[in-house]
Amino acid sequence: MDTQQQSQQPVFDTARFKQLYKKFDQETIRNLPDIYSPQINFKDPIHELHGIPELSRYFAGFCSDELRCEFDIHNEVVSHDQAFFQWKMRYQHPNLASGKPLTLDGGTLIKFDSHITYHEDFYDMGAMIYQHVPVLGWAVKKVNARIAQQVGEVDNSHGQHHE
């Protein structure tokens, strides 16, 4: 292998990332420094955080005895110093959907050198929480249904031929 090919190889093993998130628990938090840079920039629909201490505190909120959470990463694209993962999160909390198991589709973009320097999660906050809180859930579902109806009306009007 020549040096040009070697320089194109990612220096971070994305399998380590996937393994860490398989089961999201206290062990995940303890192992954050193994894969994240001390100056990690983390972003999701709720927060923007900087550094492992902030990220650890944020993740600790998801690792309570009441909340179960695990990730199934089912697709990935790796290009040089970044990767994107599609995942399905399985989670369960007694205050959401009467404690029934729930799933959420999402994606994660990471950028890295020897450690992850940037992590951004993409998911629908409404699908994760709002739809599963009794009063909010009803309202969100009504709004979603109304938008879908209006979009359907627009699609139908474009499909009509006038003679």
Side-chain angles (χ1 to χ4, degrees), residues 1-97 100-133 136-137 140 143-144 147-148 151 155:
M1 181 185 290
D2 66 22
T3 48
Q4 185 177 13
Q5 286 178 323
Q6 284 179 336
S7 67
Q8 293 177 348
Q9 295 293 320
V11 293
F12 177 77
D13 181 8
T14 57
R16 292 169 55 206
F17 175 83
K18 293 189 303 187
Q19 184 62 38
L20 184 70
Y21 282 91
K22 223 174 207 175
K23 184 170 185 195
F24 196 83
D25 58 15
Q26 291 296 330
E27 188 71 18
T28 305
I29 296 169
R30 281 192 290 279
N31 290 320
L32 291 178
D34 295 344
I35 67 165
Y36 285 99
S37 161
Q39 293 81 32
I40 180 66
N41 289 310
F42 174 90
K43 190 175 179 183
D44 72 5
I46 306 170
H47 291 90
E48 190 164 334
L49 307 166
H50 305 284
I52 289 179
E54 283 187 24
L55 184 60
S56 296
R57 281 190 295 277
Y58 179 52
F59 282 177
F62 294 103
C63 295
S64 70
D65 292 336
E66 293 183 321
L67 180 66
R68 284 192 33 238
C69 184
E70 55 192 47
F71 291 85
D72 174 28
I73 296 174
H74 51 84
N75 192 15
E76 72 180 278
V77 177
V78 180
S79 179
H80 305 290
D81 61 350
Q82 58 187 339
F84 185 82
F85 304 92
Q86 276 185 292
W87 44 258
K88 183 176 290 290
M89 181 174 76
R90 290 175 175 78
Y91 62 110
Q92 189 172 7
H93 190 281
N95 294 337
L96 297 175
K100 294 177 186 154
L102 302 168
T103 60
L104 176 70
D105 292 316
T108 296
L109 171 67
I110 60 171
K111 297 179 182 182
F112 47 81
D113 46 35
S114 61
H115 288 75
I116 298 170
T117 57
Y118 180 83
H119 174 143
E120 184 170 0
D121 286 336
F122 302 91
Y123 56 87
D124 180 352
M125 195 65 189
M128 181 182 186
I129 295 178
Y130 305 138
Q131 290 184 15
H132 304 292
V133 175
L136 280 177
V140 169
V143 169
N144 287 346
I147 291 170
V151 169
D155 288 346

Val78 and Ala83: which non-hydrogen atoms are nearest, and at how many Å?
CG2-CB, 3.9 Å

Could you give the distance from CG (Leu55) to NE2 (His50), rounded to the nearest 0.5 Å?
11.5 Å

Is there a donor-acceptor pair closer than 3.5 Å between any side-chain N or O of Gln19 and the backbone N or O of Ala15?
no

Would you check if Asp124 and Asp105 make a side-chain contact, meaning some heavy-atom pair closer than 4.5 Å?
no

Spacing of Leu102 atom CG and Gln92 atom CD [to the nearest 0.5 Å]
7.5 Å

Verify the ring-centre separation between Phe17 and Phe85: is it less than 6.0 angstrom?
yes

Proximity of Tyr58 and Phe42 rings by center, below 6.0 Å:
yes

Between Lys22 and Glu70, which heavy-atom pair has the shortest distance, and what is it?
O-CB, 3.1 Å

Calculate, to the nearest 0.5 Å, the distance between atoms CD and CG belonging to Glu27 and Leu32 respectively.
10.5 Å

Any side-chain heavy atom of Glu76 sitting closer than 4.5 Å to one from Lys18?
yes

Nearest heavy atoms of Cys69 and Met89, plus distance in Å:
SG-SD, 3.5 Å

From Ile35 CD1 over to Phe112 CZ, what is the distance, rounded to the nearest 0.5 angstrom?
11.0 Å

For Phe12 and Ile110, work out which heavy atoms get closest and say how close.
CE2-CD1, 4.1 Å

Tyr21 vs Tyr36 aromatic rings, parallel, tilted or perpendicular, using cut-offs 30° and 60°?
perpendicular

Distance check, rounded to the nearest 0.5 Å: Lys23 atom NZ versus Arg90 atom CZ?
14.0 Å

Rounded to the nearest 0.5 Å, how far does OG1 of Thr117 lie from CG of Asn41?
7.5 Å

Evaluate the ring planes of Phe59 and His119, with Trp represented by its six-membered ring, and classify them as parallel (under 30°), tilted (30 to 60°) or perpendicular (over 60°).
perpendicular

Between Ile40 and Ile52 the two heavy atoms that sit nearest each other are CG2-N, 3.7 Å

What residue among Leu49, Ile29, Thr28 forms side chain to side chain contact (heavy atoms under 4.5 Å, CB included) with Ser56?
Ile29

Take the angle between the ring planes of Trp87 and Tyr123 and call it parallel below 30°, perpendicular above 60°, tilted in between.
tilted

